[in-house]
Trainee: 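Got a structure for you, questions after.
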Amino acid sequence: MPPSAGHSLPDALFSADAVREIDRYVIDQQGVDGFELMQSAAHAAFRCLVRRWRNCGSVLVLCGAGNNGGDGYLVAASAKRHGLDVQCVAVAPTDKLSGDARKAWQKALADGVGVLELAALNESFLDDLFASAGLIVDAMLGTGVSGAPREPFAAMIGRCNSAPAPVLAVDLPSGLNATTGAAEGDVVSAAMTVTFIGLKAGLFTGQGAAVCGEVVFESLDTAGSIAGSGQVPIAARRDWDSVMSWLPPRPANAHKGRFGHVLVVAGDRGFGGAGLLAAEAAARSGAGLVSLATRPEHVTAALARCPSVMVHGLIHGSELPSLLDAASVVVCGPGIGRSAWGQQMLEQVIASGKPRVLDADALNLLSGRVAVPADNHVLTPHPGEAARLLNCLVPEVEADRMAAARKLQALYGGTVLLKGAGTIVASEGGFLDVISGSNPGMATGGMGDVLSGIIGAVLGQIGDGQKAAVIGASAHLAAADTASESSGFIGLIPTDVIDALPLVFRKAEISPGAGEAWA
């Protein structure tokens, strides 16, 4: 199940430090007892456990040393009181517990939970414990931990991921960086993550998008404390349901001239499909007119596939300016290659000054040039292209996707969309949007070409790069999810996503409040 499926989640995403400060404010300034807050968190987690896994049988709870471990002990106590078969393992020695975590351990003991010290258990016993569990509760490592998990936590994370039982993660999966979504070592793969007080940004991008499962948020009645704490979000969570109202409604007397003329410049020899995918995606996303400038040998196939696109075969970049003059938005890069033909096309596109979406080889060509910022372009790199643009390594980009997107935006201006599960959109002033959700079926060639076409079409309709990128990425994911309902993930291809786009945009037309942002 994708993250946040079935649940209404807030839009504000916070860093781990900010959530800890909100927690501290609630306790120190508002007089809420810390142990009572911990009990509320544990009760919320247990409610989710019962709702999702009512007949799970044996519950294995793994507890660390800090407040996350305290949450785990109290979940075990709730399970015991409700008559469930509970096994609780202290991964961190209980003689090291202090404060509220120690109170939680003592309450678990008082409620009849038998707490097993990991150090006293042999491998065979642990094998049996994990094999017999119907559900595992991960309460080992919380938001205060950074770096790769050390032993014995790394070994226990490995056991969680090898066990047949699903995992309920308390606040976040152990091993995940709650701010960046990166994992420097082993990380628990959870079926559900119940998180508290503020949504952590790292749950929705990078590894977080892959390992959190269904994300459930519980404010613990602290929502009103965020303003008082002085903490501000580092990003906004977005999905199709939350942004489709950004599209303006179409009046009854609408005509094609009102919705932009998108020129797709794409498709060197051997890559004709890239340009056609971008052009057809633009046509399916509401562009009034779509033109495709490509190699002459691709013209016949393009017209046969999509006759509504005006196709032009170009031999040299000097033929492009007249087409650029007629366009309102340009999409440049899919399949243009890095030869002289592609370089000529990119030079003409940049010289035109037209609003533009730069993707694929346009970005690879940019990486070899001195960065010239512009305020009217949208760059859509995947992590490899982002690394080339930043002159760094891909692992450095993935270690902090949000920081990488900000750096790219500061360097190149405009709007930057960093692709990947939990797509990041960075715009002027360092503001970030995170597209909530992921679809493994999209891991195939051509999906990025479709995205660039969608963004180009939306940019031609609304003229706002940040909104176009967010709408485009959200619609792209929603179309992939729609297509996957019939085709599944394996075998999903870009044209399946294109075919689903009208269904996705239809939802925007008929939803209550459509066009509110433009009223």
Trainee: For G430, does its backbone N or O pair with a side-chain atom of R406 as donor and acceptor, under 3.5 Å?
Mentor: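 At least one qualifying donor-acceptor pair exists.
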
Trainee: Checking W53 side chain against L135 main chain: does a donor-acceptor pair fall under 3.5 Å?
Mentor: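 Not confirmed, W53 side chain does not pair with L135 backbone.
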
Trainee: Can you tell me if S352 uses its side chain to pair, donor with acceptor, with the backbone of L324 under 3.5 Å?
Mentor: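 A pair under 3.5 Å: no.
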
Trainee: Are V434 and R237 close enough that some pair of their side-chain heavy atoms sits under 4.5 Å apart?
Mentor: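 Heavy-atom side-chain distance check fails, nothing below 4.5 Å.
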
Trainee: Under a plain distance cut-off of 3.5 Å, with no hydrogens placed, do N439 and S484 share a side-chain donor-acceptor pair?
Mentor: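 There is such a pair (donor and acceptor under 3.5 Å, judged by atom type) between the side chains of S484 and N439.
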
Trainee: Donor-acceptor pair, Q231 side chain versus A227 backbone, under 3.5 Å?
Mentor: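 No; judged by distance alone, with no hydrogens or angles, the pair does not exist.
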
Trainee: Report yes or no: do S225 and Q30 form a side-chain donor-acceptor pair below 3.5 Å?
Mentor: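 A pair is found: one side chain offers a donor N or O, the other an acceptor, under 3.5 Å apart.
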
Trainee: Would you please name every residue forming a salt bridge (Lys or Arg N to Asp or Glu O under 4.0 Å) with R401, sequence neighbours left out?
Mentor: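 Applying salt bridge (Lys or Arg N to Asp or Glu O under 4.0 Å) to R401 gives E398.
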
Trainee: Please examine the side chains of L389 and L411, heavy atoms only from C-beta on, and report whether any two atoms are closer than 4.5 Å.
Mentor: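 The answer is no, as the side chains (C-beta and beyond) never meet within the 4.5 Å cut-off.
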
Trainee: Could you measure the distance from the OG atom of S474 to the CG atom of D239? Nearest 0.5 Å is fine.
Mentor: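 The distance works out to 6.5 Å.
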
Trainee: Taking C-beta and beyond as the side chain, do T423 and L417 meet within less than 4.5 Å on heavy atoms?
Mentor: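 Heavy-atom side-chain distance check passes, below 4.5 Å.
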
Trainee: Taking atom CG as the centre, does D325 end up with more than 12 heavy-atom neighbours from other residues, nucleotides or ligands that are less than 6.0 angstrom away?
Mentor: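 Counting neighbours around CG of D325, more than 12 heavy atoms of other residues, nucleotides or ligands fall under 6.0 Å, so yes.
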
Trainee: I'd like to check V331 versus V265 (side-chain heavy atoms, cut-off strictly below 4.5 Å). Are they in contact?
Mentor: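 Contact flag for V331/V265 side chains = no.
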
Trainee: State whether a side-chain donor-acceptor pair under 3.5 Å links S436 with R238.
Mentor: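 Checked: S436/R238 side chains show no N/O donor-acceptor pair below 3.5 Å.
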
Trainee: Using distance alone, with no hydrogens and no angle criterion, decide if E184 and N177 have a side-chain donor and acceptor under 3.5 Å apart.
Mentor: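 N177 and E184 do not have a side-chain donor-acceptor pair below 3.5 Å.
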
Trainee: Is the number of heavy atoms from other residues, nucleotides or ligands under 6.0 Å of D221 CG greater than 12?
Mentor: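 Counting other residues, nucleotides and ligands, CG of D221 stays at 12 neighbours or fewer.
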
Trainee: Are a donor atom and an acceptor atom from the side chains of S189 and N161 found within less than 3.5 Å of each other?
Mentor: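 Side-chain D/A pair, S189 to N161: absent.
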
Trainee: Please answer whether the main-chain N or O of G414 pairs with a side-chain N or O of Q409 as donor and acceptor at a distance below 3.5 Å.
Mentor: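 Between the backbone of G414 and the side chain of Q409 there is a qualifying donor-acceptor contact (under 3.5 Å).
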
Trainee: Are any side-chain N or O atoms of Q344 and backbone N or O atoms of S339, one a donor and one an acceptor, separated by less than 3.5 Å?
Mentor: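 No, the answer is negative, given that no donor and acceptor are paired below the 3.5 Å cut-off.
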
Trainee: Just wondering, do I234 and F14 contact through their side chains at under 4.5 Å, heavy atoms?
Mentor: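 No, their side chains stay 4.5 Å or more apart.
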
Trainee: Can you confirm whether F271 is buried at CZ, in the sense that more than 12 heavy atoms of other residues, nucleotides or ligands lie under 6.0 Å from that atom?
Mentor: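 It does not: F271 CZ has 12 such atoms or fewer within range.
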
Trainee: Are side-chain heavy atoms of I350 and R369 found at a separation under 4.5 Å?
Mentor: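 The answer is yes; the side chains approach within 4.5 Å.
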
Trainee: Using a 4.5 Å cut-off on heavy atoms from C-beta on, say whether the side chain of V309 contacts that of S291.
Mentor: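 Result no, sub-4.5 Å side-chain heavy-atom pair not found.
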
Trainee: Grab the two heavy atoms, one from E218 and one from A44, that are nearest each other, plus how far apart they are.
Mentor: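 Shortest heavy-atom separation between E218 and A44 comes out as CG-CB, 3.5 Å.
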
Trainee: Distance check, rounded to the nearest 0.5 Å: D359 atom CG versus I455 atom CD1?
Mentor: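 It is 8.0 Å, given to the nearest 0.5 Å.
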
Trainee: Can you find a heavy atom in the side chain of L172 that is under 4.5 Å from one in the side chain of V188?
Mentor: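 No - every pair of side-chain heavy atoms lies 4.5 Å or more apart.
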
Trainee: May I ask you to decide if G422's main-chain N or O and T205's side chain share a donor-acceptor pair within less than 3.5 Å?
Mentor: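 At least one qualifying donor-acceptor pair exists.
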
Trainee: Find out whether the Lys NZ or Arg CZ of R250 is both under 6.0 angstrom from the six-membered ring centre of F259 and within 45° of the ring's axis.
Mentor: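 Here R250 passes the 6.0 Å and 45° test against F259.
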
Trainee: Any chance the side chains of E319 and H316 put a donor and an acceptor closer than 3.5 Å?
Mentor: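 No, H316 and E319 have no side-chain donor paired with an acceptor closer than 3.5 Å.
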
Trainee: Can a donor-acceptor pair be found between the side chains of K354 and S328 at a distance below 3.5 Å?
Mentor: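 There is no such pair between these side chains.
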
Trainee: Have D138 and S174 got a donor and an acceptor in their side chains that come within less than 3.5 Å?
Mentor: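 Yes, a side-chain donor-acceptor pair sits under 3.5 Å.
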
